[in-house]
Number of protein chains: 2
Amino acid sequence: MRPKLTLKQIAKELDVSISTVSKSLRDSPEIGEDTRQKVQAFAKLYNYKPNNIALSLKNRKTKTIGVVIPEIVHHFFTTVISGIEHVANEKGYSVIVCLSDNSFDKEVLNMEMLANGSIDGFILSVAKETMQKGDYHHLIEVVNQGMPLVLFDRSVEEVPSDKVIIDDVKGAKKAVQCLIDKGARNIGIISTVDYISVGKLRTQGYTEALVENGFEVNEKNILKIENMDQVEQEISAFAESGDFDALFAVNEHFAAAAVRAVRDKGQKVPDDVQVIGFTDGELSKRFIPSLTTISQHGSRMGEEAARLLIEKLEKSPNEEESYKTIIVETGLIERESTK
Amino acid sequence: MRPKLTLKQIAKELDVSISTVSKSLRDSPEIGEDTRQKVQAFAKLYNYKPNNIALSLKNRKTKTIGVVIPEIVHHFFTTVISGIEHVANEKGYSVIVCLSDNSFDKEVLNMEMLANGSIDGFILSVAKETMQKGDYHHLIEVVNQGMPLVLFDRSVEEVPSDKVIIDDVKGAKKAVQCLIDKGARNIGIISTVDYISVGKLRTQGYTEALVENGFEVNEKNILKIENMDQVEQEISAFAESGDFDALFAVNEHFAAAAVRAVRDKGQKVPDDVQVIGFTDGELSKRFIPSLTTISQHGSRMGEEAARLLIEKLEKSPNEEESYKTIIVETGLIERESTK
DNA sequence: GTGAAAGCGCTAACAT
DNA sequence: ATGTTAGCGCTTTCAC
């Protein structure tokens, strides 16, 4: 077992001072040609690589980005991470991923841990529980300490920071408009409870689209799923409860469950009931029928978030503060679950 | 903007020495009761937290685990990460995730980056390209430097390290046996090319199961998918090519595609053709028909890997070296795609 | 009971 | 052209 080489050891080995070694390796003009050659050759031979931790301590920056997300077993977040990774690596940054499990406490804990020098800045999507509590101290605290923060997807107005979001209202309108254009007249929405901002906004988009098309909004056509353990049952009951010719689901699981509920009811998708989802994942693509969906472009969001963060990290500290919000356009992907 | 507090500042503020502050905070008995109280109160008030980087440098350990995986947009890896995260956090470790994108070069680069002091040990699943090349220098190098490494899923014999794998052969046999028990007589397998060890092993399991049951093995019933861009077409052609009454797919995408191919051919799942997959993801669960599958217990694998790594990290360095291989049992989850 | 000093690995201003 | 020194934030040994 051969432990990692340090400058000190090289210096001893070559019988020069540590700083000579350091300068040689960084091609400082102060150093004589021959010494430089010698040192570089030695370093190369033994595959010297500077210690990141020491560099971090010295430079007061770690070149790593902390990502905190509610859950990873979720295709959307996964694509976001992938987007973040790509631009981060491109610019020489590492990514450290923490999961909040949608818990407020874990979110706080993770952030504290990372904020103590481990990272240069945050990219974060707020935990469900945090939104519920409406307590954003930890986020505000972090920006007060001068650590850049980019919020994405589940973002909150109360925190002064860069943001990358989609236009949920517009996306939902797009979905509903699509259904109306395809002849739907009695459209149900399967959404989440209102404290999840995306659920709320998508419901709003649904309502607006109906109104703009001169349709009535019927509260009975709006399902807000509370308990994630009973998604199937709730959706089944909902489908039974009304005479829908189209259903708009705010995520792909709900959409899949909706298709199943329609089937169970003895109706056909898309002939009797059209279904449209939100978030374009594997499930939507592979499902039979494959699901028409509003795509969120997760990896685009990740890329934008990373770019925004790195931009902030690398600008001179005395530039004036300003926060951007990037709205990533949603797309409509038509597949088999609509006519 | 209020930057992070350091020991130095506390010392100045309280007009004591840095070491007094340090000791007070760590409840050293050397320090007088009153000073200790004073320091601790101050630290608490201003929410002092020690700098991780400085601690890492001092202790020569980072309390973080590096995870390198081929891709994240893949439910299995996602569940593994989630498993790793949970036990890591429990034991006070952070997790830093890097993607190799199945590229040899990116795998090497990522590992070099992480190995330079950023982490205490690796959990890794080998990139496709790396397996293809059969070049494991970077892995061996890392263990030679004394950095613990745990390989999971796509593991390689050539590297002396702990391993967490599933018994692919046995899992595949379980799948095929299930099909045979349910009356299948002409079973096709949809696999990957042989340099992907899991593809090879699962194909082997398939063959063994057939032989053990007194069936003939027909090369024409074995599809090895080469080009991931043409999965659908290849599977369609394969389904058309034979008169199968059951198909065993080595992952869930292939299984979903198989169902579709069967449908396109005008046959029914499971009545005419039964289908069974490998890896239990969202897709299998939500698909219609939902897919019978061999489950890999990704999060169990992640947990085991993390436990193995942390165990090694925390044992005294002079204990004798020994490598464990943990085989996580596969399970059979019966759903609608089999009779 | 408190503080000074060394050291983790590295860089850079400042000697020589 | 090379070396010495200080310092990033922290712990710990050793003096006082």
Side-chain angles (χ1 to χ4, degrees), chain A residues 3-40 42-43 46-64 113-120 145-146 317, chain B residues 3-40 42-43 46-64 113-120 145-146 317:
Chain A
K4 280 255 142 190
L5 204 55
T6 66
L7 286 190
K8 201 181 188 176
Q9 294 169 54
I10 301 184
K12 195 165 69 180
E13 215 62 53
L14 262 36
D15 206 44
V16 290
S17 80
I18 295 181
S19 56
T20 302
V21 177
S22 173
K23 285 171 188 160
S24 300
L25 292 176
R26 332 199 104 248
D27 282 321
S28 159
E30 295 181 27
I31 298 294
E33 180 62 11
D34 40 350
T35 342
R36 216 193 59 205
Q37 298 263 323
K38 187 176 64 176
V39 172
Q40 293 198 351
F42 188 93
Y46 291 101
N47 193 30
Y48 169 80
K49 293 272 168 25
N51 180 309
N52 289 330
I53 296 293
L55 286 179
S56 297
L57 186 57
K58 177 114 254 276
N59 303 331
R60 272 97 146 285
K61 51 173 120 165
T62 60
K63 286 285 222 172
T64 109
M113 172 171 228
L114 293 178
N116 294 319
S118 303
I119 61 167
D120 296 340
Q145 282 175 8
Chain B
K4 279 253 140 191
L5 203 55
T6 67
L7 286 190
K8 201 181 187 174
Q9 295 170 51
I10 301 184
K12 194 164 68 180
E13 215 63 52
L14 262 37
D15 205 44
V16 290
S17 81
I18 296 181
S19 51
T20 301
V21 178
S22 173
K23 285 172 189 160
S24 300
L25 293 175
R26 333 200 102 251
D27 282 321
S28 159
E30 295 181 28
I31 299 295
E33 180 63 9
D34 40 352
T35 342
R36 218 193 56 205
Q37 299 263 322
K38 185 176 63 177
V39 173
Q40 292 197 352
F42 187 93
Y46 291 102
N47 192 30
Y48 169 80
K49 293 271 164 30
N51 179 309
N52 288 331
I53 296 293
L55 286 180
S56 297
L57 187 57
K58 179 109 249 277
N59 302 332
R60 270 96 147 285
K61 50 174 125 162
T62 60
K63 286 287 224 171
T64 108
M113 171 172 228
L114 294 178
N116 294 320
S118 303
I119 60 166
D120 295 340
Q145 282 176 9

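Both backbone and side-chain heavy atoms feed into the values below; hydrogens, waters and symmetry mates do not.
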Note to self: Using side-chain heavy atoms (C-beta onward) and a distance below 4.5 Å, is A/Thr20 in contact with A/Thr35?
What the structure shows: yes

Checklist line | A/Lys58: partners by side-chain contact (heavy atoms from CB on, under 4.5 Å), with sequence neighbours left out | finding: none

Next item on the list: Would you sort out whether B/Val21 and B/Leu25 count as a side chain to side chain contact (heavy atoms under 4.5 Å, CB included), showing the intermediate values?
Entry: CA-CA 6 Å; B/Val21 178; B/Leu25 293 175; 4.0 Å; yes

Notebook entry, point to check: For B/Leu57 and D/dG7, what is the distance between atoms CG and C1' respectively, to the nearest whole Å?
Noted result: 12 Å

Next item on the list: Please confirm whether the backbone N or O of B/Lys61 pairs with a side-chain atom of B/Asn59, one donor and one acceptor, at under 3.5 Å?
Entry: no

Notebook entry, point to check: What are the two closest heavy atoms between B/Ile31 and B/Ser24, and how far apart are they?
Noted result: CG2-OG, 3.5 Å

Margin query: In whole Å, I'd like the distance from the CG atom of B/Leu25 to the C1' atom of D/dG9.
Written below: 13 Å

Note to self: Please determine whether a side-chain nitrogen or oxygen atom of A/Thr20 lies at a distance below 4.0 Å from atom OP1 or OP2 of D/dT2.
What the structure shows: no

Note to self: What's A/Thr35 touching, base or sugar-phosphate or nothing? Going by heavy atoms closer than 4.0 Å.
What the structure shows: sugar-phosphate

Next item on the list: Calculate the interatomic distance between A/Arg60 atom CZ and C/dT11 atom C1'; express it in whole Å.
Entry: 13 Å

Item checked: Sequence neighbours excluded - salt bridge (charged side-chain N to carboxylate O under 4.0 Å, His left out) pairs with any residue from residues 24-35 of chain B -> B/Lys23-B/Glu30, B/Asp27-B/Arg36, B/Glu33-B/Arg36

Item checked: Listed partners of A/Lys49 passing side-chain contact (heavy atoms from CB on, under 4.5 Å), at least two apart -> A/Lys4, A/Asn47, B/Glu112, B/Asn116

Do any N or O atoms of the protein come closer than 3.5 Å to N or O atoms of nucleotides 11-14 of chain D, and which pairs are they?
| from | atom 1 | to | atom 2 | distance (Å) |
| --- | --- | --- | --- | --- |
| D/dT11 | OP1 | B/Arg26 | NE | 3.0 |
| D/dT11 | OP1 | B/Arg26 | NH2 | 3.1 |
| D/dT11 | OP2 | B/Ser22 | OG | 3.0 |
| D/dT11 | O2 | B/Lys58 | NZ | 3.1 |
| D/dT13 | O4 | B/Lys23 | NZ | 3.2 |

Notebook entry, point to check: Can you find a side chain N or O atom of B/Lys8 that sits less than 4.0 Å from OP1 or OP2 on D/dC8?
Noted result: yes

Next item on the list: Rounded to the nearest angstrom, tell me the gap between atom NZ in A/Lys4 and atom C1' in C/dC8.
Entry: 16 Å

Item checked: Interatomic distance, A/Asp15 CG vs D/dG3 C1' [rounded to whole Å] -> 12 Å

Next item on the list: State which residues pass side-chain contact (heavy atoms from CB on, under 4.5 Å) with B/Thr6; sequence neighbours excluded, sorted by chain then number.
Entry: B/Lys8, B/Gln9

Next item on the list: Give the minimum heavy-atom separation between B/Leu7 and B/Ile18, together with the two atoms involved.
Entry: CB-CG2, 4.0 Å

Check: C/dG3 P sits how many Å from B/Leu14 CG, rounded?
Finding: 11 Å

Checklist line | Axis deviation across the helix from C/dG1-D/dC16 to C/dT16-D/dA1, five-pair ends, to the nearest 10° | finding: 70°

Note to self: On DNA chain C, does the nearest nucleotide to B/Arg36 precede the nearest nucleotide to B/Ala54 from the 5' side, or the other way round? Give the residue.
What the structure shows: B/Arg36

Check: When the distance from CG of B/Asn51 to C1' of C/dC8 is rounded to whole Å, what number comes out?
Finding: 13 Å

Item checked: Protein-nucleotide distance (A/Lys61, atom NZ; D/dC8, atom P), rounded to Å -> 17 Å

